[in-house]
Amino acid sequence: YFQAMFREMRDFLVASGVQKVIVACPNCHRIFCQYGEGLRVSTIYEIMDEHPLPIAEKVPGTVTVHDPCPLRFSPAVHASVRNLIAKQGLTIEEMPHHGDRTVCCGEGGFVAALSPDLAAQWKGIRKDEAAGRRMITFAALYGRGIDFLLQAYVGHQNLDQETLRQWIEGYVGFAPF
C-alpha cells in the first residue's frame, strides 16, 4: 500500500515539474531518497548552509549534537548542521556515538508508545552521553530543531517572517506565503 501511495505522489510531483524536494524530517529524507526516483532530495539544513540567512548576534557556549537515526549515513547533512551551529558561534563537543555511530533517542518508530521501558533506556543512554551539555538535534519530531537553527540566524525572539520569506524567495524563486 505504501509503495503504491508514494508512487502516486511521486508521479504527481514529477508530472508537475518538481525536480527537487526539500525536507526537514529525517524519515522523509530517507523515504524520498529510497523511493523518490527522478527527484533530487536535500534537507533544509543543507540549503541553509549553502544559502545563508543573515546572522543575528552570535551565541557563545558549548553544545552537543544528536544525529537522528534515519540520517545516520548522511555525512553531508551532519556537516551542514554542524556548519550552521559553528557559524552561530557555538562550540560543538561530540558525544561518543554520533554521525554514522549515532544511537537511538527512543522516539523513532513510536517506540515510546509500544515499549516505554525500551524507549526510556535509549533516552537514558543519550542523556548520559550529553553529560549535561545543551543538545541540538535536527529532527522535526524531537522538538523544534529547525526553529532553533532559523531563530539563531534571524534573531532570538519570534522568527522574522519577512526575512524568511525573502530568503525562500531568493532560493526557490517564489515565496509560499
Open item on the list: Assigning hydrophobic clusters by single linkage (Ile, Leu, Val, Met, Phe, Trp, Tyr; side-chain heavy-atom cutoff under 4.5 Å), is Val23 placed with Ile31?
Closed with: yes

Open item on the list: Rounded to the nearest 0.5 Å, what separates atom CG in Leu71 from atom SG in Cys25?
Closed with: 8.5 Å

Task: Other ILVMFWY residues reachable from Phe73 by side-chain steps of under 4.5 Å - done: none

Open item on the list: Could you measure the distance from the CD1 atom of Ile22 to the SG atom of Cys28? Nearest 0.5 Å is fine.
Closed with: 13.0 Å

Task: Non-hydrogen atoms of Cys105 and His66 that approach each other most closely - done: CB-NE2, 3.7 Å

Open item on the list: Between Arg126 and Lys123 (side chain of the first, backbone of the second, donor and acceptor by atom type, cut-off under 3.5 Å), is there such a pair?
Closed with: no

Open item on the list: Tell me the closest heavy-atom pair linking Arg101 and Pro96, and the distance in Å.
Closed with: NH1-O, 3.2 Å

TODO: Compare all side-chain heavy atoms of Ile92 with those of Ile136 and state whether any distance is below 4.5 angstrom.
DONE: no

Open item on the list: Quick one, Pro68 and Thr137 - any side-chain contact, counting heavy atoms below 4.5 Å?
Closed with: yes

Open item on the list: For Thr102, is there any backbone N or O sitting under 3.5 Å from a side-chain donor or acceptor partner on Arg72?
Closed with: yes

Open item on the list: Nearest 0.5 Å, please: how far is CD in Gln88 from OG1 in Thr91?
Closed with: 12.0 Å

- [ ] Report yes if some heavy atom in the side chain of Thr43 is under 4.5 Å from a heavy atom in the side chain of Phe138; otherwise report no.
- [x] no

Task: Met48-Val21 co-clustered via ILVMFWY side chain contacts under 4.5 Å - done: no

Task: salt bridge (charged side-chain N to carboxylate O under 4.0 Å, His left out) partners of residues 77-86, not counting sequence neighbours, each pair once - done: Asp67-Arg82, Arg82-Glu94

Task: Shortest non-hydrogen contact between Cys104 and Cys69, atoms and distance - done: CA-SG, 3.5 Å

TODO: Write down the atom of Glu129, the atom of Met95, and the distance for their closest heavy-atom approach.
DONE: O-CG, 3.5 Å

Task: Nearest heavy-atom neighbours spanning Glu93 and Thr64 - done: O-OG1, 2.7 Å

Task: From CG (Leu90) to CD1 (Ile85), nearest 0.5 Å - done: 7.0 Å

Task: Rounded distance [0.5 Å steps], CG in Leu39 versus CZ in Phe32 - done: 7.0 Å

Task: Cluster overlap Val65 with Val59, hydrophobic side-chain contacts below 4.5 Å - done: yes

Which pairs of donor and acceptor atoms, one on a side chain in residues 2-18, lie under 3.5 Å apart (sequence neighbours left out)?
unit_1	atom_1	unit_2	atom_2	d
Arg10	NH1	Glu37	O	2.9
Ser16	OG	Phe12	O	2.8

Open item on the list: Given 3.5 Å as the limit, does a donor-acceptor pair link the side chain of Glu50 with the main chain of Ile47, or not?
Closed with: no

Task: Nearest non-hydrogen partners of His29 and Ser74, listed with the distance - done: CE1-OG, 3.9 Å

- [ ] Would you indicate whether the side-chain heavy atoms of Val41 and Lys20 approach each other to under 4.5 Å?
- [x] no

Open item on the list: Please check: side-chain N/O of Lys58 versus main-chain N/O of Lys87, any donor-acceptor pairing under 3.5 Å?
Closed with: yes

